[in-house]
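For reference, the structure is listed below as structure tokens.
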Amino acid sequence: MTQAMRVERFGEPSAGVHTHSQTVRPTHGRALVRITHASVGSTDIAAIRGDYLLQPFPGFTPGYDFVGVIESLGSSQHSNLQVGQRVAGVLPRMGTHATHIAVAPSLVVPVPDELDSAVAAATPLDAVTARFAISALGFEGGSLLIQGAGGAVGSWAVQFATALGYCVFGTASQRTRGLAERLGATVFDYHDPDWMDRLVAATHGGVTGAIDHTGSRSLRHAVAPHGRIVRIAFDDTSRYQRLSTATGFLTAGLRRCSRPSERVCSVPLIVMARRAAYRSALASIFKGLAIGSLAAPRAVEYPFDDYADALEHASHVDPGTKTILVMP
């Protein structure tokens with residue numbers, strides 16, 4: 001019997017989330033994975049509150065990424081997978097805050113023996129988002145602005161961009177700027193009303209690329225005309241978050257050929273449509289962690305039964321840390 005956290009009604013974190021029991025069996029083409037660790041992040045908080053576009057109705061289990069052990073491959077045949085193997089992955093739809101899932105083998109990647117499971121669980125969604133956002137820029141080198149450079153995705157993006165030879169600038173608060181600077185970014189305090197003008201001056205006309213989670217139209221002022229903005233989210237403090245996200249996706253799509261141009265990077269959609277590329281990216285990231293060329297956030301572990309505390313920690317997470325559920 002599988003235990004899963006189920007959002008019964010939208011509201012403040014944990015208020016409408018309850019434990020739900022169900023039976024999960026591997027169907028044709030799916031493997032049964034016993035989840036041992038799963039991350040909890042801002043996307044989960046937004047979904048529980050009803051602010052996430054891809055989960056418009058209650059009745060779902062939060063969580064995108066996981067680490068677990070394959071218990072059955074059913075009728076699936078995959079040359080690099082076997083029963084008892086430790087694997088990790090990202091789902092195209094939420095559902096990992098559970099003890100078991102039935103998952104397509106094309107969604108999982110073996111976890112290197114050198115990696116701790118909690119560290120591996122702190123990685124997939126955020127790191128893959130950062131990797132594909134940089135790829136969506138369409139060029140290497142030049143100057144790059146990373147919004148939220150000390151945040152969950154931003155800290156990975158700073159590492160990848162620095163390794164690729166970009167001159168990396170970032171925005172951060174006083175609370176998170178230390179992490180961004182240690183990772184190699186030149187940081188502007190986003191509370192400074194003149195930070196964009198200072199960035200334009202420092203880059204002699206604007207950066208050649210930007211990775212953004214705010215959806216701000218004013219960001220175009222900081223990007224050179226021939227540059228590109230990659231939007232990974234559309235933050236909005238109003239009660240119309242889902243509408244803002246939908247509008248942001250549409251607007252970015254209409255600006256694909258503008259100056260500067262815009263792209264959208266959505267990992268759930270990438271996982272759904274480009275599985276081989278996603279698996280290759282995640283395997284490469286795990287290799288970087290295993291050999292020490294990449295640094296994962298520090299995993300702060302919470303037992304599955306302390307789900308409310310895990311949500312509270314994820315709502316106020318310290319820079320350089322990630323909330324991880326540990327399953328029974």
For the atom pair [atom1] ([X]) and [atom2] ([Y]), what is the distance rounded to the nearest 0.5 Å?
X      : Y      : atom1 : atom2 : answer
Leu183 : Gln159 : CG    : CD    : 5.0 Å
Tyr190 : Gln174 : OH    : CD    : 10.0 Å
Ile229 : Gln147 : CD1   : CD    : 9.5 Å
Leu144 : Arg228 : CG    : CZ    : 12.5 Å
Ser258 : Arg220 : OG    : CZ    : 4.0 Å
Glu312 : Thr323 : CD    : OG1   : 10.0 Å

Ignoring hydrogens and angles, tell me if any N or O in the side chain of [X] forms a donor-acceptor pair with the backbone of [Y] under 3.5 Å.
X      : Y      : result
Tyr52  : Asp44  : no
Arg177 : Ser173 : no
Ser261 : Cys257 : no
Glu301 : Val326 : no
Thr251 : Thr247 : yes
Arg263 : Arg256 : yes
Ser143 : Thr208 : yes
Thr129 : Leu125 : yes
Ser284 : Ser280 : no
Thr176 : Pro319 : no

From CA spacing to verdict: side-chain contact (heavy atoms from CB on, under 4.5 Å), Tyr302, Val40: CA-CA 10 Å; Tyr302 284 84; Val40 186; over 6 Å; no
Carefully, step by step, assess Cys265 and Arg231 under the rule side-chain contact (heavy atoms from CB on, under 4.5 Å). CA-CA 6 Å; Cys265 176; Arg231 309 281 193 182; over 6 Å; no
Verify the cluster assignment for [X] and [Y]: are they in a single hydrophobic cluster under the rule of side-chain heavy atoms below 4.5 Å apart?
X      : Y      : value
Ile324 : Ile35  : no
Phe66  : Leu81  : yes
Leu137 : Val267 : yes
Leu179 : Leu294 : yes
Leu54  : Phe60  : yes

Restricting to side chain to side chain contact (heavy atoms under 4.5 Å, CB included), what partner residues turn up for Thr123, sequence neighbours left out?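 Side chain to side chain contact (heavy atoms under 4.5 Å, CB included) list for Thr123, sorted by chain: Ala127, Trp156, Ile285, Phe286, Leu289, Ala296.
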Taking only residues two or more places apart in sequence, or in another chain, which ones meet Leu269 in a side chain to side chain contact (heavy atoms under 4.5 Å, CB included)?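 Ser266.
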Can you confirm whether [X] sits close enough to [Y] that some side-chain heavy atom of one is under 4.5 Å from a side-chain heavy atom of the other?
X      : Y      : answer
Ile70  : Gln82  : no
Arg9   : His18  : yes
Leu145 : Val223 : no
Thr99  : Thr2   : yes
Thr19  : Arg6   : no
Val119 : Lys322 : no
Met94  : Thr43  : yes
Arg30  : Val24  : no

Return the minimal non-hydrogen interatomic distance between [X] and [Y], and the atom names on each side.
X      : Y      : answer
Ala210 : Leu219 : CB-CD2, 4.2 Å
Val230 : Ala133 : CG2-O, 3.6 Å
Asp65  : Ala121 : OD2-O, 3.9 Å
Pro124 : Ala120 : CD-O, 3.0 Å
Leu282 : Ala88  : CD2-O, 4.3 Å
Ser315 : Pro13  : OG-CG, 4.1 Å

Specify whether Tyr307 and His97 have parallel, tilted or perpendicular ring planes, treating 30° as the upper limit for parallel and 60° as the lower limit for perpendicular.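 The rings of Tyr307 and His97 stand perpendicular, inter-plane angle above 60°.
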Students often mix this up, so state it plainly: with edges at 30° and 60°, are the rings of Phe188 and Trp195 parallel, tilted or perpendicular?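 Answer is tilted, since the angle falls between 30° and 60°.
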Take Arg93 and Gln55, measure what side-chain contact (heavy atoms from CB on, under 4.5 Å) needs, and give me the verdict at the end. CA-CA 9 Å; Arg93 293 291 302 274; Gln55 293 290 167; 3.7 Å; yes
Using side-chain contact (heavy atoms from CB on, under 4.5 Å), reason through Phe169 and Thr203 one step at a time and then give a plain yes or no. CA-CA 10 Å; Phe169 299 90; Thr203 54; 3.6 Å; yes
With a 4.0 Å cut-off on N to O distance, would you call Glu12 and Arg49 a salt bridge?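 Salt bridge between Glu12 and Arg49, a charged N being under 4.0 Å from a carboxylate O: yes.
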Heavy-atom count around Asp194 CG within 6.0 Å, excluding the residue itself: above 12?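 For Asp194, atom CG is crowded (more than 12 foreign heavy atoms under 6.0 Å).
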